[in-house]
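Shown next, in structure tokens, is the structure this report addresses.
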Amino acid sequence: MTHTGPTRGPLLSAELLAREDLRLALAEHDFAAAFGLIKKYGGLSQNRIAAACRLTPGKVSVIMSDGSKRITSYEVIARIADGLGIPGSLLGLAPRSWEQHSTEVPNKIAVGPPDVDFPWQPEVTTALATQLTGTDLTMDRRTAVWLLADAAITGTALLDSLEGWLVPPPVSASERRRPGRLGTHDIGQLEHTAVAFRQWDHRFGGGLRAKAVLGQLNDTAAALEDRQRPDIEGRLHCVMAQLAGTAATMMWDSGYQRRAQDYYRLALRSAHAGGDRAFGANVLAGMARQMLCTDRPGDALELVRLAQDGSRGHAGPRVRAMLRTREAWAYAAMGRVAAFRRATGQAWEELASAGTVEDEPHWIAYFGEAEISGVTGGRLLDLARTDPRLHSEAAAGHIRAALAERGAEAGRSHALDRIGLAEAQFLMGDVSGAVEETHRAVAAATLTKSDRVRTQLGDLYRHTVRESTNPAVKEARDSIRELLAN
């Protein structure tokens with residue numbers, strides 16, 4: 001009879017169960033790797049694992065020392081899930097009976113009611129920023145891990161909440177509570193700080209400095225509560241928009257999808273309050289990309305159209321070209337290849353009309369030929385997964401063009417390009433080339449802490465499993481696993 005589940009709570013922490021390397025090992029039923037990770041990071045001895053799973057210590061020892069000894073019995077796998085408290089979905093099982101009764105999951109973190117209920121007024125946006133950052137700055141690590149379970153809002157609930165973006169912001173009627181203290185020099189320093197944080201995130205990715213960004217965002221909201229001079233107040237809202245946008249990408253890179261969306265929406269409201277239509281469109285493009293990465297191309301396309309409508313007459317050619325690439329991405333995800341090619345061509349046309357990078361805002365200066373090539377290559381790679389013969393070679397060509405234009409200093413983008421090229425090589429059947437590119441991808445990935453990069457490496461890992469008997473591929477696979485383990 002199958003064990004009904006742990007009686008003293010799961011033995012594995014939420015942090016351990018969230019590790020990508022453990023999830024990969026569990027999905028493959030590679031219990032040699034899984035038990036090794038549980039022993040190393042969960043602090044469980046072989047005897048403790050054996051007792052929990054109702055296996056003999058000798059059996060666990062054999063499994064851990066010889067990866068070829070696979071467990072194929074459903075009953076044994078179920079005992080491992082129930083004994084260690086591993087959710088059934090991680091092992092390809094139905095949800096275990098004890099999952100719905102678990103008392104280990106804390107209450108969901110709530111910032112407040114959905115912001116669709118809040119008017120699009122500068123004072124309300126400032127209050128939301130204070131509340132959101134205040135919650136996250138005081139959150140302990142264990143509670144933060146459970147945010148991983150919160151999915152991003154999609155569909156009508158998301159799109160309808162953003163309609164206020166199209167309406168001009170009202171003039172504040174609130175009386176000044178006390179004189180503002182910030183001057184032109186102060187706001188200039190804050191703007192410089194927002195730029196520095198954005199550049200750091202673009203290069204390194206990940207959430208290592210998220211707390212610093214949230215602290216600065218909280219301080220900016222506090223300054224806005226002081227009712228600064230109108231010109232200073234407008235620039236402060238724009239600073240808050242850029243900081244919130246950076247916080248969103250950092251949260252996304254850390255795997256917190258819902259929190260990333262909360263900061264994206266705050267960024268959009270802040271850009272609206274500051275009258276920065278172009279940056280608001282950029283925020284919506286980021287939200288569209290998030291929807292694309294969660295397989296919601298229809299929502300992504302609606303977000304792009306909202307960005308295009310709201311920024312018409314305010315966005316320069318680089319911003320317009322970037323929005324076209326998001327549009328093309330959505331079409332590719334829908335399988336609309338002709339529309340994808342049309343939108344990609346329009347992106348190139350928009351970029352051709354751009355002047356120097358100094359002619360447009362600093363945050364769009366990164367967007368050039370390399371970006372279009374990288375996005376195009378990535379979308380062709382998506383199509384190649386269904387029809388490798390037709391699209392994989394073209395995908396590799398565009399990704400190589402992106403790599404030639406931007407080097408390792410691009411950080412996250414460079415690593416994603418390397419991973420994409422390795423996958424394209426696998427799809428083309430060039431195993432030796434794929435192995436070489438995999439090693440380059442792993443080397444690039446070590447320079448960034450982006451969860452997106454780790455997720456893409458996990459997808460690349462699956463290609464190495466298909467060539468499991470090739471020693472060179474095994475070496476490449478081991479290098480991916482080692483990186484994910486660290």
Side-chain angles (χ1 to χ4, degrees), residues 20 23-24 27-28 89 92 151-152 154-155 257 285 288-304 323-348 371-403 413 415-438 440-441 445 451-468 470 473 476-477 480:
E20 184 66 19
R23 287 173 173 262
L24 284 170
E28 298 169 15
S89 61
T154 60
Q257 292 289 343
R289 183 168 185 167
Q290 186 184 26
M291 290 294 100
L292 287 163
C293 291
T294 51
D295 297 322
R296 300 283 300 194
D299 288 352
L301 194 56
E302 289 297 320
L303 288 166
V304 171
L323 292 175
R324 288 295 187 187
T325 63
R326 295 292 188 272
E327 184 182 348
W329 192 335
Y331 287 138
M334 294 174 176
R336 297 177 56 186
V337 179
F340 156 69
R341 296 190 187 283
R342 170 175 53 81
T344 300
Q346 290 170 329
W348 281 108
E371 277 297 315
I372 298 183
S373 295
V375 172
T376 303
R379 305 304 57 82
L380 288 168
L381 182 58
D382 292 340
L383 295 170
R385 294 184 184 114
T386 302
D387 191 346
R389 182 185 59 79
L390 189 61
H391 299 292
S392 58
E393 189 170 348
H398 282 283
I399 296 172
R400 287 193 187 96
L403 286 166
S413 296
L416 291 171
D417 285 342
R418 284 290 179 200
I419 296 168
L421 183 55
E423 183 177 0
Q425 296 285 87
F426 272 119
L427 290 172
M428 292 165 61
D430 182 2
V431 176
S432 62
V435 167
E436 185 178 342
E437 290 298 337
T438 296
R440 290 173 179 166
D451 186 70
R452 276 179 271 174
V453 170
R454 296 171 70 86
T455 298
Q456 291 297 321
L457 270 179
D459 292 339
L460 179 61
Y461 182 92
R462 294 180 176 89
H463 286 276
T464 67
V465 173
R466 296 168 191 166
E467 300 283 346
S468 57
N470 185 315
V473 175
R477 180 169 66 251
I480 295 177

Measuring from [X]:[atom1] to [Y]:[atom2], what's the distance to the nearest 0.5 Å?
X: T438; Y: R418; atom1: OG1; atom2: CZ; answer: 11.5 Å
X: T325; Y: W348; atom1: OG1; atom2: CH2; answer: 11.0 Å
X: Q456; Y: I419; atom1: CD; atom2: CD1; answer: 6.5 Å
X: Q257; Y: Q290; atom1: CD; atom2: CD; answer: 5.0 Å
X: D387; Y: S392; atom1: CG; atom2: OG; answer: 8.5 Å
X: E28; Y: R462; atom1: CD; atom2: CZ; answer: 7.5 Å

Closest heavy-atom contact between [X] and [Y]?
X: A288; Y: A300; result: O-CB, 3.4 Å
X: T464; Y: R477; result: O-NH1, 2.9 Å
X: V435; Y: V473; result: CG2-CG2, 3.7 Å
X: A152; Y: M291; result: CB-CE, 4.1 Å
X: A332; Y: L383; result: O-CD2, 3.8 Å
X: L292; Y: A333; result: CD2-CB, 4.3 Å

Checklist entry - Residues in salt bridge (charged side-chain N to carboxylate O under 4.0 Å, His left out) with R379, at least two apart? => result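 Salt bridge (charged side-chain N to carboxylate O under 4.0 Å, His left out) list for R379, sorted by chain: D382.
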
Next on the checklist: Using the rule given for side-chain contact (heavy atoms from CB on, under 4.5 Å), can you reason through L380 versus T376, listing the C-alpha separation, both sets of side-chain angles and the distance that settles it, and then say yes or no?
Outcome noted: CA-CA 6 Å; L380 288 168; T376 303; 4.0 Å; yes

Give every donor-acceptor pair under 3.5 Å between a side-chain atom in residues 339-347 and any protein atom, sequence neighbours left out.
residue	atom	partner	partner atom	Å
T344	OG1	F340	O	2.8
Q346	OE1	R324	NH1	3.2

Next on the checklist: Keeping R326 on the side-chain end and A285 on the backbone end, is there a donor-acceptor pair under 3.5 Å?
Outcome noted: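 Side chain of R326 to backbone of A285: a pair is present.
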
Next on the checklist: Quick one, L427 with L381, criterion side-chain contact (heavy atoms from CB on, under 4.5 Å). Give me CA distance, side-chain angles, the key distance, then yes/no.
Outcome noted: CA-CA 9 Å; L427 290 172; L381 182 58; 3.7 Å; yes

Checklist entry - Would you call E371 and S413 a side-chain contact if the rule is heavy atoms closer than 4.5 Å? => result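 In short, these two side chains touch, coming nearer than 4.5 Å.
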
Checklist entry - Taking only residues two or more places apart in sequence, or in another chain, which ones meet I399 in a side chain to side chain contact (heavy atoms under 4.5 Å, CB included)? => result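 Only L403, D417, L421 meet the side chain to side chain contact (heavy atoms under 4.5 Å, CB included) criterion with I399.
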
